[in-house]
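Have a look at the structure below before the remarks.
Chain A is the first sequence line, chain B the second, and so forth, proteins listed ahead of strands; every chain is numbered from 1.
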Amino acid sequence: MHSMKERDVVSWTSLITAYSRIGQEENALVSASVLFRGMRCRDVISWSTIIGGYSQGGFAEEGFEYFSWMRRSGTKPTDFALASLLSVSGNLAVLEQGRQVHALALYLGLEQIPTIRSALINMYSKCGSIVEASKVFEETERGADIVALTAMINGYAEHGRSKEAIDLFEKSLNVGCRPDAVSFISVLTACSHSGQLGLGFHYFNLMQEKYNMSPAKEHYGCMVDLLCRAGRLCEAERMIDEMPCEKDDVVWTTLLRACTAKRDVEVGRRAAERILEVEPTSSTALVTLANIYSSSGKWKEAAIVRKSMKSKGVIKEPGWSSVLIKDRVSAFASGGRSHPQSEDIYSVLELLVPVAEPLRYGCEMKRDSESIQIL
DNA sequence: ATAGGGTTAG
């Protein structure tokens with residue numbers, strides 16, 4: 001029999017899950033957070049849920065903050081929360097924070113759990129340390145599963161090592177590992193980065209013929225990218241037209257950007273129009289369209305697009321990046337605005353794992369090492 | 001009731 005209290009925890013946690021999945025915008029997360037703080041009793045799943053919610057929304061600071069509270073409350077974390085934190089560390093490229101979570105995983109004896117393995121590979125790779133990523137990959141005791149494999153393939157592809165990416169994919173096929181939809185996106189990306197159009201089509205056919213999978217819009221996106229890089233803009237456009245699934249703005253944007261580089265006004269204009277049909281104020285489409293015109297000397301047309309942006313009140317969102325300055329992660333936007341999400345992650349982490357000296361993977365980070373002290 | 005890998009680009 002469940003006590004009233006236990007039922008409470010489960011239903012409150014379900015609500016928190018629901019809120020963090022609504023849009024993963026900050027408002028929904030604030031609601032989730034309000035619910036969480038109002039709980040009378042929390043268990044490890046409720047803590048993992050709120051941490052996962054913020055992490056998936058890209059809010060590393062809040063994720064780590066809740067994690068710190070969780071530990072101070074005496075709740076021992078499981079692989080769930082750690083996997084979420086590794087994921088957000090990778091997405092924001094905060095290597096030191098990711099390393100600390102790795103340290104903790106070792107300390108807690110969770111480092112060989114498959115979700116942790118793949119999250120670690122991804123984290124190190126996204127943080128630029130492909131060497132550590134492949135080290136984790138190699139040290140996977142029971143062999144990498146499809147998720148870890150995909151993380152590794154992606155890592156190689158993103159680091160410009162397409163040959164290794166493709167070799168690894170092939171090797172996994174040879175040992176009888178069944179590829180899934182995501183792993184095909186990875187290998188197609190590798191083909192695309194290395195300009196191997198033919199090989200890309202080989203995998204595109206293979207997934208359909210041998211594995212009975214129908215390509216999703218992401219796979220078509222890779223093929224469009226491949227065709228664009230090969231300069232075959234018309235074929236790329238035809239590929240989009242013939243896609244049997246949703247043609248989102250991502251795939252049109254791929255084509256549009258390629259048109260700037262190749263100065264193809266005609267195809268570019270059509271691509272921009274398709275995006276603008278759905279989203280008339282798309283700043284990406286309008287800015288890129290204006291760039292295509294100016295790159296091919298059509299100043300008048302460029303000016304018309306710029307003017308229409310002004311009259312529609314379209315503003316290009318500034319890009320931003322985070323930089324580590326003296327132990328602080330700060331965010332800077334090109335427009336001078338700072339991004340509120342990623343400030344001060346480091347100061348929160350000091351609460352998390354105080355260490356006597358800097359951690360280095362494979363050295364001080366041993367499970368029973370004295371150098372890792374946990375609050 | 002919770003978790004890991006996902007294409008675009010100057």
Considering only distance and modelled atom types, tabulate donor-acceptor pairs under 3.5 Å from the side chains of residues 237-245 of chain A, sequence neighbours left out.
unit_1, atom_1, unit_2, atom_2, d
A:Glu237, OE1, A:Arg270, NH2, 2.9
A:Glu237, OE2, A:Arg270, NE, 2.7

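- Base engagement by A:Asp43 is indicated by at least one non-hydrogen atom pair under 4.0 Å involving a base atom.
- A salt bridge does not link A:Glu301 to A:Arg269: none of the charged side-chain nitrogens sits closer than 4.0 Å to a carboxylate oxygen.
- A:Ile185 comes within 4.0 angstrom of a nucleotide base, judged by non-hydrogen atoms across all strands.
- Across all strands, A:Asn122 comes closer than 4.0 Å only to sugar-phosphate atoms, never to a base (heavy-atom distances).
- When heavy atoms are screened at a 4.0 angstrom cut-off, A:Leu149 is found touching no nucleic acid atom at all.
- Proximity of a side-chain donor or acceptor of A:Ser134 to a complementary backbone N or O of A:Phe137 within less than 3.5 Å is not detected.
- Of all the residues in residues 232-262 of chain A, A:Thr254, A:Arg257 reach under 4.0 Å from DNA chain B with at least one non-hydrogen atom.
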Could you go through the ring pair (Phe, Tyr, Trp, His ring centres under 6.0 Å) check for A:Phe64 and A:Tyr54 one step at a time? CA-CA 9 Å; A:Phe64 275 107; A:Tyr54 274 108; over 10 Å; no
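- Ion pair A:Lys163/A:Asp167 flagged as a salt bridge, since at least one NZ, NE, NH1 or NH2 atom sits closer than 4.0 Å to an Asp/Glu carboxylate oxygen.
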Kindly indicate, with the supporting measurements, whether the criterion side chain to side chain donor-acceptor pair (under 3.5 Å) is fulfilled by A:Thr253 and A:Arg257. CA-CA 6 Å; A:Thr253 304; A:Arg257 289 218 167 102; 6.0 Å; no
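- Scanning DNA chain B 5' to 3' for nucleotides with an atom closer than 4.0 angstrom to a non-hydrogen atom of chain A gives a first and last hit of B:dA1 to B:dA9.
- Among the heavy atoms of the strands lying under 4.0 Å from A:Arg229 are primed sugar atoms or P, OP1, OP2 only; no base atom is included.
- Side-chain atoms of A:Ser87 do not come within 3.5 Å of backbone N or O of A:Ala83 as any donor-acceptor pair.
- Taking the centre of each ring, A:Phe36 and A:Tyr66 come in below the 6.0 Å mark.
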